[in-house]
There are 2 protein chains.
Amino acid sequence: MPKKARKRAKATEVGVRDRLLNAADRLFYQEGVRAVGIDRVLSEADAAKASLYQHFGSKDQLVASYLERRTKNARANIEAYLAGTPPSLRALKFFDWVVAWAESKDFRGCPLQHTVSELTDAAHPARTIAHDQRAWFAERLREWTTAAGVKDSEATARALMVLFDGAVAGSEVDGPQRASDARWMARKLLAG
Amino acid sequence: MPKKARKRAKATEVGVRDRLLNAADRLFYQEGVRAVGIDRVLSEADAAKASLYQHFGSKDQLVASYLERRTKNARANIEAYLAGTPPSLRALKFFDWVVAWAESKDFRGCPLQHTVSELTDAAHPARTIAHDQRAWFAERLREWTTAAGVKDSEATARALMVLFDGAVAGSEVDGPQRASDARWMARKLLAG
DNA sequence: TGACAAATAGACCGATCTGTCTGTATTGAC
DNA sequence: GTCAATACAGACAGATCGGTCTATTTGTCA
């Protein structure tokens, strides 16, 4: 039974829950949460349907968990990326991170934007995750612009949020050039 | 048969094709192209299924036609809005239009962004429409920044594109404040 | 070894999806 | 009045959706 053996090996290495999240992450991000059915997730994760509903209860919750892990990882990722940069330069350095993201092979825009636009139900659990992440991000931007010592740090932070959204949305449609354009603009803004 | 009479009256006023497009426009934009089935469109349009397939051939083509009309209207809308403004001020004035759009009751982000992110198939007919509209828009921005006489008009035009994308995407998630932030930034950029 | 928890496989349900087809009613041109 | 074009109503097909359920297999621990 080599097939089973492979599965079992995977199972002990990773565990069903994580396999499901990994598959959900890849598929939901790459193709959208409405375009991907749970059967696709199950087959990609080599998992049984009962396991999905045991661990997550519903597809909506799986979507929320996917987004939660995504945003959590993104935060850690960004903070690690900026750790070696002096606080006063972090706002600008952040846009290097954005450019690198937009240029990465699997980039396909912002998962938060996608999910919010696909799930119009205001009560969807994934929306809470999205809202929290936006609040965290806005707070970081204020922190960085304050540390940068620019004149109007509040307005500058809000402008950088616009630049970030534009970089990510634009890069999805037109390619990573948009992210570089955003960085160019951020540099200009933070210099003045 | 008052029911039929009502339908007939509507039919002679508007015509099935336009009724279908009107319904598709409202539903697709408001809830997303994957979330809305053709039955919803048919019922909203008071039309028969055969009419939809007679005029459009498939749902994908209906989506493409919806986007085409949307973008065509948007172009006319923007050009009319800017007609009375001197060319040198149009780049900035355009962001007044964006703010007004973001503040409008039914605003729900950019239909192009939504469609591109929902329909990941690169060969989907709607993608051609989206690409054309982006090209038109980029061209207008270059035109306006050139007329504005800024130093680096090419780079400025690209930066304004980022600001536009950020204004629209951000406003969808956080409200129209983002559009105002983008305008603030555009003014700053065009002044320097 | 035997009990137990966790995972698997997959049948099944009702709903919904796009798309096809049949048949009928309405309309305008001649 | 007849005919062709157009639109309507809706049954139907085949696939897929999210979700429930039963039955079996596996790994762990006493």
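Order of the sequence lines sets the chain letters (A, B, ...), proteins ahead of strands, with each chain counted from 1.
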Quiz prompt | A:D18 CG to C:dA6 P, straight-line distance once rounded to whole Å | solution = 16 Å
Practice problem: Return yes if some donor-acceptor pair links the side-chain N/O of A:R127 with the main-chain N/O of A:V116 below 3.5 Å, else return no. | Solution: yes
Quiz item: Can any side-chain N or O of B:K59 pair as donor or acceptor with the backbone N or O of B:V33 at less than 3.5 Å?
Solution: yes
Self-check item: Min side-chain heavy-atom separation B:F107-B:P176 under 4.5 Å
Solution: no
Quiz item: Which residue pairs satisfy the side chain to side chain donor-acceptor pair (under 3.5 Å) criterion with at least one member in residues 150-166 of chain A, sequence neighbours excluded?
Solution: A:R134-A:D165, A:R158-B:D181
Quiz item: Can you check the A:L52 CG to C:dA9 P distance for me, whole Å?
Solution: 14 Å
Quiz item: Is the distance from OP1 or OP2 of D:dC8 to the nearest side-chain N or O of B:S51 less than 4.0 Å?
Solution: yes
Quiz prompt | Whole-Å gap separating P (C:dT8) and CG (A:D46) | solution = 8 Å
Quiz item: Would you call the rings of A:F137 and A:F94 parallel, tilted or perpendicular if under 30° counts as parallel and over 60° as perpendicular?
Solution: tilted
What N/O pairs connect the protein and nucleotides 16-20 of chain D at under 3.5 Å? Give each pair on its own line.
| from | atom 1 | to | atom 2 | distance (Å) |
| --- | --- | --- | --- | --- |
| D:dG18 | OP1 | A:K59 | NZ | 2.6 |
| D:dG18 | OP2 | A:I38 | N | 2.8 |
| D:dG19 | OP2 | A:Y53 | OH | 2.9 |
| D:dG19 | OP2 | A:K59 | N | 2.8 |
| D:dG19 | O5' | A:Y53 | OH | 3.4 |
| D:dG19 | N7 | A:K49 | NZ | 3.2 |
| D:dG19 | O6 | A:K49 | NZ | 2.2 |

Quiz item: OP1 or OP2 of D:dT6 sitting under 4.0 Å from any side-chain N/O of B:H55?
Solution: no
Quiz item: With a 4.5 Å heavy-atom cut-off, do A:L21 and A:L62 have their side chains touching?
Solution: yes
Practice problem: For the helix from C:dT1-D:dA30 to C:dC30-D:dG1, measure the angle between the helix axis at one end and the axis at the other, each built from five pairs, rounding to 10°. | Solution: 0°
Exercise. Taking B:R19 for its side chain and B:D46 for its backbone only, find out whether a donor-acceptor pair lies under 3.5 Å.
Key: yes
Quiz item: Which whole-number value in Å describes the distance from B:Q54 CD to D:dC8 C1'?
Solution: 13 Å
Quiz item: Once you round it to whole Å, what is the distance between P of D:dC8 and CZ of B:R17?
Solution: 14 Å
Quiz item: Is it true that a side-chain atom of A:R142 and a backbone atom of A:A157 form a donor plus acceptor pair closer than 3.5 Å?
Solution: no
